[in-house]
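To start, the structure under review is shown below, and the notes come after it.
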Amino acid sequence: MLTIASRCWLCQCPLHLAVQGICSLCMKNLPAIPPCCPRCGLPCAATHLECGRCLQKPPPWDAMIFACPYEMPVSGLVLRLKFSKQPELDTALARLLLLRWQARWRERSLPRPDVILSVPLHQKRYFSRGYNQSELLARPLARWLHCDFLPYALRRNRRTPPQQSLTERERKWNLRKAFTCHENLHNKHVMLVDDVVTTGSTVREISKILRKQGVASLQIGCICRTL
């Protein structure tokens, strides 16, 4: 039987291993992550200490792990996954997040998550898109990290306007009481996966719910972080 060689999503060169999705040369040329706070993921002077923002008003999660700043070419791949009906990008992008998580785990000994959750879509948006991009990213990540993936633990109760069209203050009010959790996650190490974190309003609202459940630790994982 003839096999079709897989190609890099960025340069279209043939890949030795199809699961990689992005060749080693393109990986070396991805945008570098500047020194960022290990908790909120925003730029700061030191990568091993929490920034002044987090010391004064800590976010309701313990660590922020992202694969790349929200810059081309990775941001373009995320948009293709999200809006261009290309769910096959999920493994390549999830692998970027896995590599970054492994680096952070070696640096700071992050706890291995017991459970991985994905930011949910409202049913109408899910049906119109055909899939939840955050769920597609979380599924292989859970398999690689040997932990449980609970795709239906979180539910979006109401359809809200897209976050991209709102200001930071509007985003916070837009998501009030928009989510519920239907699993008992008490004393579990949890990772919450989203495709992009901009202001953090979505993951913040969900994190508050998970904190009320008494999770042991909470990590936010995303492909891109707006810096």
Side-chain angles (χ1 to χ4, degrees), residues 4 6-10 12 15 17-22 65-68 70 72-101 113 115-166 171 174-175 178-183 185 190-207 209-210 219-226:
I4 300 175
S6 298
R7 295 184 178 274
C8 172
W9 282 103
L10 297 176
Q12 296 303 305
L15 291 172
L17 295 175
V19 71
Q20 291 179 346
I22 300 175
I65 304 101
F66 60 97
C68 187
Y70 191 72
M72 293 294 288
V74 178
S75 60
L77 295 180
V78 172
L79 292 176
R80 289 166 64 183
L81 168 69
K82 194 170 183 177
F83 299 115
S84 298
K85 303 291 184 182
Q86 292 185 300
E88 59 272 20
L89 275 161
D90 59 346
T91 304
L93 290 173
R95 180 174 174 268
L96 295 180
L97 180 54
L98 172 69
L99 294 175
R100 182 59 183 164
W101 183 91
V115 174
I116 289 185
L117 308 177
S118 55
V119 173
L121 290 178
H122 189 268
Q123 282 188 342
K124 290 184 178 179
R125 189 165 295 164
Y126 184 94
F127 291 146
S128 64
R129 184 172 298 169
Y131 54 85
N132 177 357
Q133 71 281 354
S134 298
E135 181 180 327
L136 294 181
L137 296 169
R139 194 176 297 276
L141 194 63
R143 184 174 69 252
W144 295 329
L145 293 179
H146 305 288
C147 58
D148 294 328
F149 173 50
L150 304 178
Y152 305 111
L154 296 171
R155 182 179 301 170
R156 190 181 288 255
N157 301 320
R158 54 188 177 84
R159 190 175 186 181
T160 56
Q163 291 286 86
Q164 298 94 326
S165 61
L166 304 177
R171 291 181 184 212
N174 184 43
L175 296 170
F179 302 99
T180 52
C181 181
H182 300 274
E183 291 284 344
L185 300 174
V190 178
M191 175 185 282
L192 176 64
V193 174
D194 202 0
D195 54 347
V196 177
V197 171
T198 305
T199 63
S201 300
T202 301
V203 293
R204 185 181 300 274
E205 192 67 24
I206 297 175
S207 296
I209 297 172
L210 298 177
Q219 306 169 29
I220 307 298
C222 62
I223 306 302
C224 291
R225 175 74 159 112
T226 300

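Predicted model, so just to flag it, every value in this text is computed and none were measured. The analysis underlying the following values was restricted to heavy atoms, covering all of them including side chains, and did not include hydrogens, waters or symmetry mates.
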Compare every heavy atom of [Y] with every heavy atom of [X], then report the nearest pair and how far apart it is.
X	Y	value
Val203	Ser207	O-OG, 2.5 Å
Pro120	Ile206	CD-CD1, 4.1 Å
Gly76	Met72	N-SD, 3.5 Å
Tyr131	Gln86	OH-N, 3.5 Å
Ala92	Gly21	CB-CA, 3.7 Å
Leu97	Gly221	CD2-C, 4.0 Å

Is there a side-chain contact between [X] and [Y] (heavy atoms, below 4.5 Å)?
X	Y	answer
Trp9	Arg80	yes
Glu205	Phe179	yes
Leu81	Asp195	no
Leu10	Leu77	yes
Pro151	Arg139	yes
Phe66	Val197	no

> Can you list the steps and then say if Leu145 with Leu98 is a side chain to side chain contact (heavy atoms under 4.5 Å, CB included)?
Replying inline: CA-CA 8 Å; Leu145 293 179; Leu98 172 69; 3.7 Å; yes
> Would the number of heavy atoms belonging to other residues, nucleotides or ligands and lying under 6.0 Å from CD of Gln123 be above 12?
Replying inline: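 No, because the 6.0 Å sphere around CD of Gln123 holds 12 heavy atoms or fewer from other groups.
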>> Once side chain to side chain donor-acceptor pair (under 3.5 Å) is applied, do any residues pair with Arg155, and if so which ones, sequence neighbours excluded?
In response: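 By the side chain to side chain donor-acceptor pair (under 3.5 Å) rule, Arg155 matches no residue at all.
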Is it the case that the side chain of [X] and the backbone of [Y] share a donor-acceptor pair, with hydrogens and angles ignored and the cut-off at 3.5 Å?
X	Y	value
Arg225	Tyr70	no
Lys85	Arg129	yes
Asn132	Val119	yes
Arg7	Gln12	yes

> side chain to side chain contact (heavy atoms under 4.5 Å, CB included) between Phe149 and Arg143: does it pass, once the steps are laid out?
Replying inline: CA-CA 8 Å; Phe149 173 50; Arg143 184 174 69 252; over 6 Å; no
